[in-house]
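Positions are given from 1 along the sequence.
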Amino acid sequence: MARHLITSALPYINGIKHLGNMVGSMLPADVYSRYLRQRGHDVLYICATDEHGTPAELAAKEQGLPVAEFCAQAHDAQKAVYDGFALAFDYFGRSSSEQNVEITQHFARRLNENGFIEERAIRQVYSPTDGRFLPDRYVEGTCPHCGYDKARGDQCENCTRVLDPTDLINPRSAISGSTDLEVRETKHLFLLQSKLQHEVEEWVSRHEDDWPQLASSIARKWLTEGLHDRAITRDLDWGVPVPSDTWPELAAEGKVFYVWFDAPIEYIGATKEWADAARDTDPENRDWKSWWYEADDTVRYTEFMAKDNVPFHTVMFPATELGVREPWKKVDYVKAFNWLTYYGGKFSTSQKRGVFTDQALDILPADYWRYFLIANAPESDDSSFTWEHFTSTVNKDLADTLGNFVNRVLSFSKKRFGEEVPAGGEPGEAETRLGEQIAGLLAEYESQMEALQFRKAAAALRALWSAGNSYLEEKAPWLEIKTDKDGAALTLRTAMNLIHLYAVVSEPFIPATAKAMREAFSLEGDTASWVTADEARALTALTPGTPFIVPPVLFAKLTDEDLETYKERFGGSPE
């Protein structure tokens with residue numbers, strides 16, 4: 001089987017992420033990783049907190065903590081939420097790790113040796129009030145493109161245009177709010193992306209036809225506009241230091257690398273963290289470099305991210321990798337997502353608008369959110385979160401279609417046949433039709449998962465669940481038992497085999513529920529990781545006499561009162 005390297009965009013350290021962040025990178029990466037593992041592939045799913053840059057320093061300042069201490073606490077807080085969502089990372093690292101420092105500095109030295117880094121004197125915003133140069137995110141103002149008055153000096157959150165601090169209208173210090181700003185000369189390192197333009201174009205052209213249109217169009221737009229040399233150092237106290245053996249003057253001034261230079265390198269750094277964490281216990285199975293170095297023929301690398309991260313991963317980071325002139329693995333497939341909105345308005349970490357992941361887990365278990373978000377993933381266009389849509393989806397798909405099927409099959413069988421799978425007669429025409437239908441729907445589900453079409457995969461999974469309900473309605477064992485007890489037993493045995501199949505194939509979407517369904521049956525040696533087409537047709541994983549229990553209600557239906565409570569707490573529309 002193939003080796004699959006999977007990464008999701010690194011969640012930034014300054015606070016718990018909202019549902020839009022979850023569905024835009026980490027959750028679909030987890031669903032895909034789980035699916036591939038079940039199909040027998042060797043999978044390495046890597047993520048980390050992105051800890052450098054201005055917002056980390058500002059957030060630490062707000063809390064009155066040293067930035068290193070703030071980041072350590074915030075990392076643990078985020079990891080706890082991701083554990084609550086059952087994200088099965090192989091490793092969740094930190095971009096402030098010594099491994100990332102080491103590899104980032106190595107990349108910088110190699111780029112410099114190859115003529116792709118240049119030291120330049122530039123004019124930069126200086127705040128006399130704060131007594132320091134202000135990096136891009138330390139400057140706020142009005143975006144010259146869309147007029148958004150809270151734009152940052154590196155990028156406008158509203159229109160996503162990349163900016164320089166000097167582009168802003170009415171700029172102010174993000175530290176003190178002072179508008180008494182000057183422009184002074186200082187030195188920084190520039191990555192000469194213009195010299196790598198043609199190489200990046202050639203690389204993108206070899207891949208863009210395979211990528212989603214969203215990813216390829218964004219990459220092509222940046223390339224059409226032309227790659228510009230970009231400053232890759234900042235005046236910050238927190239970050240990967242410029243190595244003194246190569247740039248002693250800048251190192252003495254305390255320059256650090258730009259967060260967007262070191263953050264993508266952390267994918268490699270976190271992989272080395274993963275290996276080093278088991279240096280003494282599992283060294284043979286944690287050869288980090290085999291996933292990243294000279295791995296083009298042995299590893300398929302898939303990245304997951306929202307559209308605002310696409311330029312950095314399809315253009316800037318590949319330019320960096322190309323420039324080091326070493327055989328580092330570059331991405332094969334970029335799965336890009338549009339925005340999940342909140343009643344049509346943007347989720348916003350900075351403005352605390354929308355439902356945040358820790359709040360979501362306080363309301364309902366993770367599987368409710370996992371299923372809803374993936375079933376409504378913003379793939380082809382933006383999608384909107386509303387409490388009405390969420391409540392309707394939970395009730396229709398999870399509570400009624402899946403949960404009710406499981407409960408009524410097991411409860412009725414226990415009542416009429418006891419706590420073991422009944423025997424009944426031989427399968428008939430209805431069971432043959434059902435088997436063929438299930439095999440076809442399973443193939444559709446597999447096809448959509450392989451294509452990373454998550455909404456379509458969710459629809460195929462929902463169709464699998466619905467097939468069980470249709471079969472049950474057709475056979476009506478509550479009536480059948482009155483005239484044909486063996487026939488009713490066959491119907492229930494077949495339906496229980498469907499429940500077991502659902503437990504296996506639903507695991508990527510709703511792992512806790514899948515585990516509960518599977519554990520309802522005391523099936524000795526139940527190690528099946530997937531279901532073949534022939535097994536789906538036969539529906540005979542559970543033999544007569546297999547003990548079972550009726551699990552607690554899998555999904556509670558949400559009431560009108562619940563809906564009103566949620567809307568009152570979070571609002572029914574954006575502010």
Do [X] and [Y] come within less than 4.5 Å of each other through their side chains, counting heavy atoms only?
{"X": "Q38", "Y": "P508", "result": "yes"}
{"X": "V355", "Y": "H18", "result": "no"}
{"X": "F509", "Y": "L461", "result": "yes"}

So, Y566 versus E568: side-chain donor-acceptor pair below 3.5 Å or not? no
Regarding Y45 and S8, is there a side-chain donor-to-acceptor distance under 3.5 Å anywhere? yes
is_close_aromatic(Y368, F555), centroid dist under 6.0 Å: yes
If you take the centroid of each ring, where Trp contributes its six-membered ring, are Y343 and W387 closer together than 6.0 Å? no
Using 0.5 Å steps for rounding, measure from the OG1 atom of T513 to the CG atom of L554. 6.0 Å
To the nearest 0.5 Å, what is the distance between CD (E564) and CD (E561)? 9.5 Å
Mark yes or no: K335 above the aromatic ring of F337, with NZ or CZ under 6.0 Å from the six-membered ring centre and no more than 45 degrees from the axis. yes
Just grab all the side chain to side chain donor-acceptor pair (under 3.5 Å) pairs involving residues 71-81, residues at least two apart or on different chains. T49-H75, E69-Q73, Q78-Y82, K79-D83
Counting heavy atoms not belonging to K456, are there more than 12 under 6.0 Å from its NZ? no
Compare every heavy atom of [Y] with every heavy atom of [X], then report the nearest pair and how far apart it is.
{"X": "M496", "Y": "L542", "value": "O-CD1, 3.4 Å"}
{"X": "A375", "Y": "R462", "value": "CB-NH2, 4.1 Å"}
{"X": "F405", "Y": "I499", "value": "CE2-CG1, 3.7 Å"}

The criterion is side chain to side chain donor-acceptor pair (under 3.5 Å); which residues satisfy it with R537, sequence neighbours excluded? E436, D534
Are K150 and E157 ion-paired here, with the side-chain N under 4.0 Å from a carboxylate O? no
Lys/Arg-Asp/Glu bridge criterion (N-O < 4.0 Å) met for E379, R455: no
Test L10 against Y267 for side-chain contact (heavy atoms from CB on, under 4.5 Å), laying out the working first. CA-CA 9 Å; L10 309 186; Y267 297 134; 3.4 Å; yes
